2 protein chains.
Amino acid sequence: MGRKSRVTVIGDLAHRPTTAHDVARLAGVSQSAVSRVYTPGASVSPETRIKVMEAAKRLGYRPNQVARSLITRRSNIVGVAVPGTENPFYSAALDALSIALARIGYRVLLFSVDAIAGSDPILEEVLRYRVDALVLISTSLSSHFADECMQLGLPVVLFNRKTDSGLASSVTGDNLNGARMIAAFLLAGGHKRFAFVAGVEHSSTNRDREAGFLSYLSARKVRHIERRVGNYSTTAAEAAVRSLLELEKQPDAIFCANDHMALVALNVAQVGFGLQPGRDISIVGFDNIDMAGWPLFGLTTYSQPIQTMIDQVIGILERQLSGEAAVALQQVTQGELIVRASARKPKTGLSQSGKGWVWRPRTEPAVF
Amino acid sequence: MGRKSRVTVIGDLAHRPTTAHDVARLAGVSQSAVSRVYTPGASVSPETRIKVMEAAKRLGYRPNQVARSLITRRSNIVGVAVPGTENPFYSAALDALSIALARIGYRVLLFSVDAIAGSDPILEEVLRYRVDALVLISTSLSSHFADECMQLGLPVVLFNRKTDSGLASSVTGDNLNGARMIAAFLLAGGHKRFAFVAGVEHSSTNRDREAGFLSYLSARKVRHIERRVGNYSTTAAEAAVRSLLELEKQPDAIFCANDHMALVALNVAQVGFGLQPGRDISIVGFDNIDMAGWPLFGLTTYSQPIQTMIDQVIGILERQLSGEAAVALQQVTQGELIVRASARKPKTGLSQSGKGWVWRPRTEPAVF
DNA sequence: ATGAAAGCGCTAACAC
DNA sequence: GTGTTAGCGCTTTCAT
């Protein structure tokens with residue numbers, strides 16, 4: 001196997017990177033000694049360590065993680081799928097996740113997937129990289145795929161989404177109760193004509209938020225709740241809200257399935273229809289993204305505490321990566337109904353919390 | 001090397017993944033035949049191909065990209081560094097980049113780095129993964145590090161940032177002319193008291209935007225330009241703008257070094273000080289992020305066409321990855337001054353473009 | 001504590 | 001076109 005067979009380009013700077021062998025030779029030790037120096041907890045004498053580290057520095061040695069992964073069968077990489085980051089909630093989540101993973105020694109192999117289309121083919125690709133785990137942010141995978149991952153012993157955590165099968169672990173906000181609480185809040189505010197702007201149909205998140213909202217209201221004999229689909233996107237949400245506000249019987253309370261759409265709604269209501277949120281109409285979102293707190297918006301919303309949720313993801317991952325029995329678990333994180341200016345405030349139930357106001361129903365919303 | 005030495009856990013599902021060998025045996029061919037089936041352009045007979053693919057399907061075979069990378073010395077992975085994604089411009093860029101890279105067969109290994117702190121140590125880590133290239137979004141690397149990458153033959157592209165050394169390629173918007181144009185625009189609008197809200201000090205982007213703005217104005221005998229630092233962050237920008245508006249001689253025109261800060265400024269001016277942008281005060285940004293076009297904001301801004309810029313990144317990458325002489329090049333992408341409601345409109349120079357209005361100076365801003 | 005040797009799963013000559 | 005063979009750079013027994 002003559003390496004020399006390849007013609008040497010004149011001035012070729014792309015030398016072969018330094019290997020542990022090179023370091024070993026320079027340090028006058030064996031290659032395994034070099035390896036041990038870079039293996040936490042291996043037994044190396046101080047002298048050897050010094051010699052190796054000096055040689056390594058001189059040669060600019062960087063252990064080849066690829067070779068290491070091949071043998072250890074751990075890449076220290078977690079595959080992370082995110083939908084397009086139009087929605088700031090996802091960006092924030094990705095950010096927090098990436099930082100949290102870095103802290104426990106993992107890198108992120110990123111996959112931007114079409115929110116609507118299936119993510120299976122691209123995930124198929126990821127698996128070739130032997131990622132140690134998969135985190136899917138607001139993206140589902142077919143149950144068939146989930147099965148395969150489980151058989152491979154590959155931990156999968158869904159963030160802000162659940163699977164029907166329940167095979168994979170999931171971390172979500174309290175969609176059901178949050179939505180109920182929003183319904184209760186709007187009802188307490190004296191509203192009569194309700195509307196719901198849905199996110200992506202059939203997404204578990206939308207399903208739960210819609211179910212919570214509608215079931216609470218219909219149990220209180222509220223009828224004729226208008227419904228539009230906003231797909232969690234700017235353009236669809238704008239059309240949805242516009243169509244609602246053009247109704248003869250204009251709704252006086254709109255619950256948008258996430259903050260991003262609610263902010264769009266705020267724009268349409270104010271600029272397009274001259275309505276003042278909180279007075280002429282109430283608009284509520286879900287997520288509590290940063291911008292919801294911006295003065296110009298002042299969006300009332302149910303919070304999903306990203307950091308807490310990410311911590312739970314990390315917890316699940318650590319447990320599963322350490323080789324424990326991979327029991328799928330569904331974590332639900334409670335949030336709070338953050339009260340700002342975009343919706344009429346009920347007379348009771350408000351209390352100060354931290355730097356803002358929150359609302360709590362007199363009694364916990366009943367379960368239906 | 002007894003693999004059996006490890007105690008087999010009862011119900012252990014983590015089998016050894018299928019290898020090319022397993023497939024070969026089942027298909028009754030050699031292992032290299034299997035390899036060839038998965039190598040585009042290799043010569044395999046139709047029969048062999050069929051046999052292999054069937055065996056592969058039955059066994060759920062997935063080629064091990066790690067092993068492949070070890071020998072080919074190409075990981076098909078690009079390391080991408082992003083600062084925290086508080087600024088939507090970065091999220092959008094990451095998104096577009098990730099999609100564009102996927103199209104040419106590359107994955108993204110992500111690094112969320114602290115915008116301020118040095119990114120070198122974490123990048124050091126990345127190199128162990130033998131990434132084929134590095135894209136740094138709004139993040140610089142020390143020139144020492146750049147040198148090392150060049151010696152390694154590792155292509156580095158800076159997005160929205162330049163290095164002093166000019167060793168690495170860069171793709172940026174037209175910061176200098178954009179900022180000049182903004183100055184000209186505000187001057188044409190009849191403004192007298194100017195202010196600049198800077199981003200991160202010493203970032204090349206901020207430096208150029210500031211230089212363009214200030215030099216244009218001072219060449220026109222404008223004196224006493226107020227300056228605050230907003231660090232591209234929400235909180236710092238808020239304080240900066242607040243301090244400007246509390247001035248006895250309140251500025252009547254504020255240029256914020258990016259859109260994100262300009263949106264914050266819009267919030268502060270309207271809600272905090274009861275000023276109506278476009279009438280009482282002019283606020284201009286830089287980037288033209290999606291939200292700048294939202295009705296409630298209507299931010300006048302100089303655009304940085306993300307897709308075009310990303311295409312340029314891809315172009316540079318493709319050229320360098322194909323092994324061409326790695327000449328660093330600095331690409332500057334022109335944008336447009338998008339005119340919306342947040343700033344007073346000059347009498348002349350406006351024209352319709354696409355779905356909005358743009359402004360162009362009568363003559364190109366002179367070079368100083 | 002250290003070195004020798006055997007691979008991890010694959011690609012790439014090379015012979016046939 | 002296909003099988004054989006020699007590694008890619010590392011970790012991990014196993015002896016010493």
Side-chain angles (χ1 to χ4, degrees), chain A residues 1-7 14-25 27-52 55-56 59-76 127-130 152, chain B residues 1-6 14-25 27-52 55-56 59-76 127-130 132 152:
Chain A
M1 286 276 298
R3 185 169 302 118
K4 304 201 97 175
S5 63
R6 184 191 264 165
V7 179
H15 318 288
R16 194 164 68 34
T18 316
T19 71
H21 237 106
D22 304 333
V23 176
R25 208 169 31 220
V29 297
S30 76
Q31 185 265 324
S32 7
V34 177
S35 172
R36 279 192 273 263
V37 168
Y38 287 89
T39 306
S43 63
V44 210
S45 74
E47 306 94 69
T48 308
R49 162 164 272 118
I50 302 276
K51 277 192 292 183
V52 167
L59 297 175
Y61 172 65
R62 241 181 295 273
N64 186 332
Q65 177 68 35
V66 176
R68 174 189 293 233
S69 295
L70 182 58
I71 168 96
T72 61
R73 287 151 170 201
R74 316 187 87 251
S75 57
N76 286 326
L127 295 190
R128 285 157 144 69
Y129 283 90
R130 297 299 190 258
L152 262 53
Chain B
M1 286 272 303
R3 185 169 301 117
K4 304 205 94 173
S5 63
R6 182 192 265 164
H15 317 289
R16 194 164 67 37
T18 315
T19 71
H21 236 106
D22 304 332
V23 176
R25 209 169 30 221
V29 297
S30 77
Q31 185 265 323
S32 13
V34 177
S35 172
R36 279 192 273 263
V37 168
Y38 288 88
T39 307
S43 63
V44 211
S45 74
E47 305 94 70
T48 309
R49 163 163 271 118
I50 302 278
K51 277 192 292 183
V52 168
L59 298 175
Y61 172 64
R62 241 180 295 270
N64 186 333
Q65 176 68 34
V66 176
R68 175 190 293 235
S69 296
L70 181 59
I71 168 96
T72 62
R73 305 186 140 112
R74 315 186 86 252
S75 57
N76 287 325
L127 295 190
R128 284 158 146 68
Y129 283 91
R130 297 299 190 257
D132 293 337
L152 263 52

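All figures in this text were calculated on a predicted structure; none of them were measured in a lab. Letters A, B, ... mirror the listed sequences (proteins, then strands); counts begin at 1.
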What nucleic acid atoms does [X] come within less than 4.0 Å of, heavy atoms only: base, sugar-phosphate, or nothing?
X: A:Thr19; result: sugar-phosphate
X: A:Tyr61; result: sugar-phosphate
X: B:Thr72; result: sugar-phosphate
X: A:Val29; result: sugar-phosphate
X: A:Ser69; result: nothing

Please evaluate residues B:Val52 and B:Val23 with respect to the criterion side-chain contact (heavy atoms from CB on, under 4.5 Å), reporting the C-alpha separation (whole Å), side-chain torsions for both, the decisive distance (0.1 Å), and the verdict. CA-CA 7 Å; B:Val52 168; B:Val23 176; 4.1 Å; yes
May I ask you to verify whether the side chain of A:Ser32 and the base of C:dA4 hold a donor-acceptor pair under 3.5 Å?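 Yes.
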Length of the [atom1]-[atom2] vector between [X] and [N], whole Å:
X: B:Arg25; N: D:dG3; atom1: CZ; atom2: P; value: 15 Å
X: B:Gln31; N: C:dG9; atom1: CD; atom2: C1'; value: 7 Å
X: B:Asn64; N: C:dC10; atom1: CG; atom2: P; value: 5 Å
X: A:Arg74; N: D:dT11; atom1: CZ; atom2: C1'; value: 14 Å
X: A:Arg36; N: C:dA5; atom1: CZ; atom2: C1'; value: 13 Å
X: A:Arg16; N: D:dC8; atom1: CZ; atom2: P; value: 8 Å
X: A:Ile71; N: C:dA5; atom1: CD1; atom2: P; value: 17 Å
X: B:His21; N: D:dG3; atom1: NE2; atom2: C1'; value: 11 Å

Which nucleotide sits closest to the side chain of [X]: [options]?
X: A:Leu70; options: C:dA12, C:dT2, C:dC8; value: C:dC8
X: B:Ser45; options: D:dT2, C:dT2, C:dG3; value: D:dT2
X: B:Arg68; options: C:dA1, D:dC10, C:dC10; value: C:dC10

Pairwise side-chain contact, B:Asp22 with B:Arg25, heavy-atom cut-off 4.5 Å (strictly under):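 B:Asp22 vs B:Arg25: side chains touch.
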Rounded to the nearest 0.5 Å, how far does [atom2] of [Y] lie from [atom1] of [X]?
X: A:Arg62; Y: B:Arg128; atom1: CZ; atom2: CZ; result: 8.0 Å
X: B:Thr18; Y: A:Leu152; atom1: OG1; atom2: CG; result: 8.0 Å
X: B:Tyr61; Y: B:Thr19; atom1: OH; atom2: OG1; result: 7.0 Å

Pair B:Ser69-B:Gln65, side-chain donor/acceptor within less than 3.5 Å: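 Indeed, the side chains of B:Ser69 and B:Gln65 share at least one donor-acceptor pair under 3.5 Å.
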C:dT2, OP1 or OP2 - any side-chain N/O from A:Thr48 closer than 4.0 Å?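 A:Thr48 to C:dT2 OP1/OP2: side-chain N or O found under 4.0 Å.
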Within less than 4.0 Å of OP1 or OP2 of C:dT11, is there a side-chain N or O belonging to B:Arg73?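 The answer is no; no side-chain N or O of B:Arg73 sits under 4.0 Å from OP1 or OP2.
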Taking the nucleotide of DNA chain D with the closest heavy atom to each, which residue, B:Pro46 or A:Pro63, is nearer the 5' end?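 Result of the comparison: B:Pro46.
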Quick check: on DNA chain D, is the nucleotide nearest B:Glu47 upstream (toward 5') of the one nearest B:Arg130, or the reverse? Name the residue that is more 5'.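 Closest to the 5' end, via its nearest nucleotide, is B:Glu47.
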